[in-house]
Participant: 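The structure's right below; bear with me while I get my questions together.
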Amino acid sequence: MSTATPPAPAGIDLDPLLQMLGFGAALALLALGWLLWRHRGAGTPQRLRALTLLTLVLTFDLVLFGAFTRLSDSGLGCPDWPGCYGSASPLGAHAEITEAQTAMPTGPVTHRKAWIEMIHRYLATGVGALMTVLMIWSALAVRRLRRSDPAAAARIAPGWAALGFVWVCLQGAFGALTVTMKLYPAIVTAHLLGGIGLLVLLAVQMQRHDPQPLQLPATLRRAAWGVLALLVLQVALGGWVSTNYAVLACQDIPTCQGRWWPPMDFESGFTLRRPLGHLPDGSVLPFEALTAIHMAHRLGAVVVLTALLAFGLALRRQPGAAGPARALLGLAALQLLTGLSNVVLDWPLLAALLHTGGAALLTTLMAALVARSHARQHRSAPRAVLDPQLIRT
């Protein structure tokens, strides 16, 4: 029996690319077939809205499964890209995975981890295929509706769909780099932020397809932008904690290591250009750096939760905003509970997944609220903004 670690395959092997794209196309066709059957009597704008919503839901599932892939240490379950040891599925790589698992039974490559990683990639190709359909269908629909129904054509906004397509392509590139650069923390964090960003883009598109204007005072609209910015920053800090495995650097609340301000190395902790667990010179990342990463996220949580609480209470007093305000406050409470659970219960998988999902939902909801708070201005503007012929006259 071999005890040596088998050589890792080349980082990028494009041989299985067509098969991977075929998997994605098959998943997208199944979803589209169900959608068209369910909305068989609807018009094009309604179907596009349904497709946007379906893509949003599947993207959330993808983000959550990506978190599961990372938290179960399956990110290198298939150490090449886009396939697995040059195959489109772990079935074709059975011998190579068995050899790697035999050499290192608790290592990064096992049959279970390979399947988790490849399912994540299959879901990603399916979302990519749906984004492609959404972009093409939106462009064609606008051309067809521009004369017959200019208001409906204006709501479709193909530019947003095109931006989403470009975004998902960039996400694919970051996914490849995540594997080929061996879980480089800055790349993994950027990949997580990219998934959240795609949710934000789709949430804005949903508001374009189905405008639900929310009249807010100017100060509250500006506050919404501020809270959204704070959320994105906090998600980035949370991703940095997770990708550096710094969650358990502090295992007590509200202190850390029995102190209010333990020894911390912020410079090393927030050095972005370094491999996982090491500094740029190859030395091991000190524990004080992990503590600094954890404490930065903990302090950020205090700021963000305070901002969410103040914004949610102010939002609840606005006409028609009670529902979104309750959802916002409920998600904030979920984030607090799951964040505490991660620390005091030794980072259980369920709490960690809920924490990532809650962050994704909070950011998506805030983006939708920002879009809704500005939708009334667009809707109440003169119809000339919707009709190019009137603009020219």
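As a basis for the values below, the full set of heavy atoms in this structure was taken, side chains included, without hydrogen atoms, waters or symmetry mates.
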Participant: Once you round to the nearest 0.5 Å, how far does CG of Leu328 lie from CG of Leu231?
Facilitator: 8.0 Å
Participant: Taking the side chain as every heavy atom from C-beta outward, state whether Leu123 and Asp61 have any pair of such atoms under 4.5 Å apart.
Facilitator: no
Participant: Strictly distance-based, threshold 3.5 Å: is any side-chain N or O of Trp240 a donor or acceptor partner for the main-chain N or O of Gly269?
Facilitator: yes
Participant: Identify the heavy atoms of Pro82 and Met20 that sit nearest to each other, and give their distance.
Facilitator: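 Scanning both residues, the minimum pair turns out to be O-CE, 3.7 Å.
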Participant: Determine whether a donor-acceptor pair (N or O, by modelled atom type, separation under 3.5 Å) exists between the side chain of Ser242 and the backbone of Gly238.
Facilitator: no
Participant: Should Leu62 and Leu170 be counted in the same cluster of Ile, Leu, Val, Met, Phe, Trp and Tyr side chains packed under 4.5 Å apart?
Facilitator: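 No, no single cluster joins them.
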Participant: OG1/Thr102 to CD1/Ile97 distance, rounded to the nearest 0.5 angstrom?
Facilitator: 11.5 Å
Participant: Using a side-chain heavy atom cutoff under 4.5 Å and only I, L, V, M, F, W and Y, what cluster partners does Ile187 have?
Facilitator: Phe174, Leu177, Met181, Tyr184
Participant: For residues Val168 and Leu199: do they belong to one hydrophobic cluster (side chain heavy atoms under 4.5 Å, members Ile, Leu, Val, Met, Phe, Trp, Tyr)?
Facilitator: yes
Participant: Just checking, is any N or O donor in the side chain of Trp160 or His209 under 3.5 Å from an acceptor N or O on the other one?
Facilitator: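 Checked: Trp160/His209 side chains show no N/O donor-acceptor pair below 3.5 Å.
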Participant: Within the structure provided, determine whether Asp265 and Phe287 are in side-chain contact (heavy-atom separation under 4.5 Å).
Facilitator: no
Participant: Between Gln251 and Val343 (side chain of the first, backbone of the second, donor and acceptor by atom type, cut-off under 3.5 Å), is there such a pair?
Facilitator: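 Side chain of Gln251 to backbone of Val343: no pair is present.
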Participant: For Gln215 and Ser373, indicate whether the former's side chain and the latter's backbone hold a donor-acceptor pair under 3.5 Å.
Facilitator: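 Judged by distance alone, no pair lies under 3.5 Å.
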Participant: Could you state whether Leu248 and Met295 fall into the same hydrophobic cluster, counting links through intermediate Ile, Leu, Val, Met, Phe, Trp or Tyr residues with side-chain heavy atoms under 4.5 angstrom apart?
Facilitator: yes
Participant: So how far is it from Thr243 OG1 to Leu192 CG, rounded to the nearest 0.5 Å?
Facilitator: 8.5 Å
Participant: Would you find a donor on one side and an acceptor on the other, under 3.5 Å apart, between the side chain of Gln318 and the backbone of Pro217?
Facilitator: no
Participant: Would Arg121 and Glu117 pass as an ion pair if we require N to O under 4.0 Å?
Facilitator: yes
Participant: Say whether, by atom type as modelled, one donor and one acceptor occur between the side chain of Asp149 and the main chain of Leu145 under 3.5 angstrom.
Facilitator: no
Participant: Walk me through it: do Leu361 and Phe60 pass the test side-chain contact (heavy atoms from CB on, under 4.5 Å)?
Facilitator: CA-CA 8 Å; Leu361 287 174; Phe60 175 77; 3.7 Å; yes
Participant: Within the side chain of Thr180, is there an N or O that forms a donor-acceptor pair under 3.5 Å with the backbone of Ala176?
Facilitator: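 The answer is yes, because a donor-acceptor pair under 3.5 Å joins these two groups.
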Participant: If we only count heavy atoms from C-beta on, is the Arg208 to Thr52 side-chain gap below 4.5 Å?
Facilitator: no
Participant: Taking the side chain as every heavy atom from C-beta outward, state whether Gln335 and Val304 have any atom pair closer than 4.5 Å.
Facilitator: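 SC-SC contact between Gln335 and Val304 ruled out.
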Participant: Is there a path of hydrophobic side-chain contacts, each under 4.5 Å between heavy atoms, that joins Leu198 and Val166?
Facilitator: no
Participant: Just wondering, do Leu308 and Leu329 contact through their side chains at under 4.5 Å, heavy atoms?
Facilitator: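 Answer no - side chains too far apart.
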Participant: How close do Pro90 and Tyr122 get, counting heavy atoms only, and between which atoms?
Facilitator: CD-OH, 4.1 Å
Participant: Can you find a pair of side-chain heavy atoms, one from Val109 and one from Met104, that are under 4.5 Å apart?
Facilitator: no
Participant: Looking at Leu76, is its backbone amide N or carbonyl O close enough to the side chain of Lys182 to form a donor-acceptor pair, meaning the two atoms are under 3.5 Å apart?
Facilitator: no
Participant: Salt bridge (charged side-chain N to carboxylate O under 4.0 Å, His left out): which pairs involve residues 24-49, sequence neighbours left out?
Facilitator: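 Sorted result for residues 24-49: Arg49-Asp210.
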Participant: Is there side-chain contact between Leu276 and Leu285, with at least one heavy-atom pair below 4.5 Å?
Facilitator: no
Participant: Looking at His294 and Ala292, would you say the former's side chain and the latter's main chain have a donor-acceptor pair under 3.5 Å?
Facilitator: no
Participant: Step by step, work out the side-chain contact (heavy atoms from CB on, under 4.5 Å) result for Thr356 and Phe68.
Facilitator: CA-CA 9 Å; Thr356 300; Phe68 175 68; over 6 Å; no
Participant: For the CG atom of Asn244 and the NE2 atom of His297, what is their distance to the nearest 0.5 Å?
Facilitator: 12.5 Å
Participant: Per the disulfide (SG to SG under 2.5 Å) rule, what does the pair list look like for residues 181-291, sequence neighbours excluded?
Facilitator: Cys250-Cys256
Participant: For the residue pair Ala307 and Leu230, what are the closest heavy atoms and their distance?
Facilitator: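 Looking at all heavy atoms of both residues, the shortest contact is CB-CD1, 3.9 Å.
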Participant: How long is the span from the OG1 atom in Thr69 to the CD1 atom in Ile119, to the nearest 0.5 Å?
Facilitator: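 Answer for the OG1-CD1 pair, Thr69 versus Ile119, is 8.5 Å.
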Participant: Could you tell me which non-hydrogen atom of Phe311 sits nearest to which non-hydrogen atom of Leu220, and how far apart they are?
Facilitator: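 Heavy atoms only, the tightest pair is CE1-O, 3.6 Å.
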Participant: Test your reading of the model: is there a side-chain donor-acceptor pair from Arg298 to the backbone of Thr255, 3.5 Å cut-off?
Facilitator: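 It does hold such a pair.
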Participant: For the pair Leu130 and Leu51, evaluate side-chain contact (heavy atoms from CB on, under 4.5 Å) and give the outcome as yes or no after the intermediate values.
Facilitator: CA-CA 8 Å; Leu130 287 175; Leu51 177 57; 4.1 Å; yes
Participant: Drop me the distance from Leu193's CG to Thr189's OG1, to the nearest 0.5 angstrom.
Facilitator: 7.0 Å
Participant: Are Leu58 and Leu30 co-members of a hydrophobic cluster defined by side-chain heavy atoms under 4.5 Å apart?
Facilitator: no
Participant: Between Leu313 and Arg317, what is the shortest heavy-atom contact and its length?
Facilitator: O-NH1, 3.6 Å
Participant: Could you go through the side-chain contact (heavy atoms from CB on, under 4.5 Å) check for Thr178 and Leu183 one step at a time?
Facilitator: CA-CA 5 Å; Thr178 294; Leu183 306 182; 3.9 Å; yes
Participant: Show the nearest heavy-atom pair for residues Pro280 and Arg273, with the distance to one decimal.
Facilitator: CG-O, 3.4 Å
Participant: What I'd like to find out is whether the side chain of Thr291 reaches to under 4.5 Å of the side chain of Pro286, using heavy atoms alone.
Facilitator: no
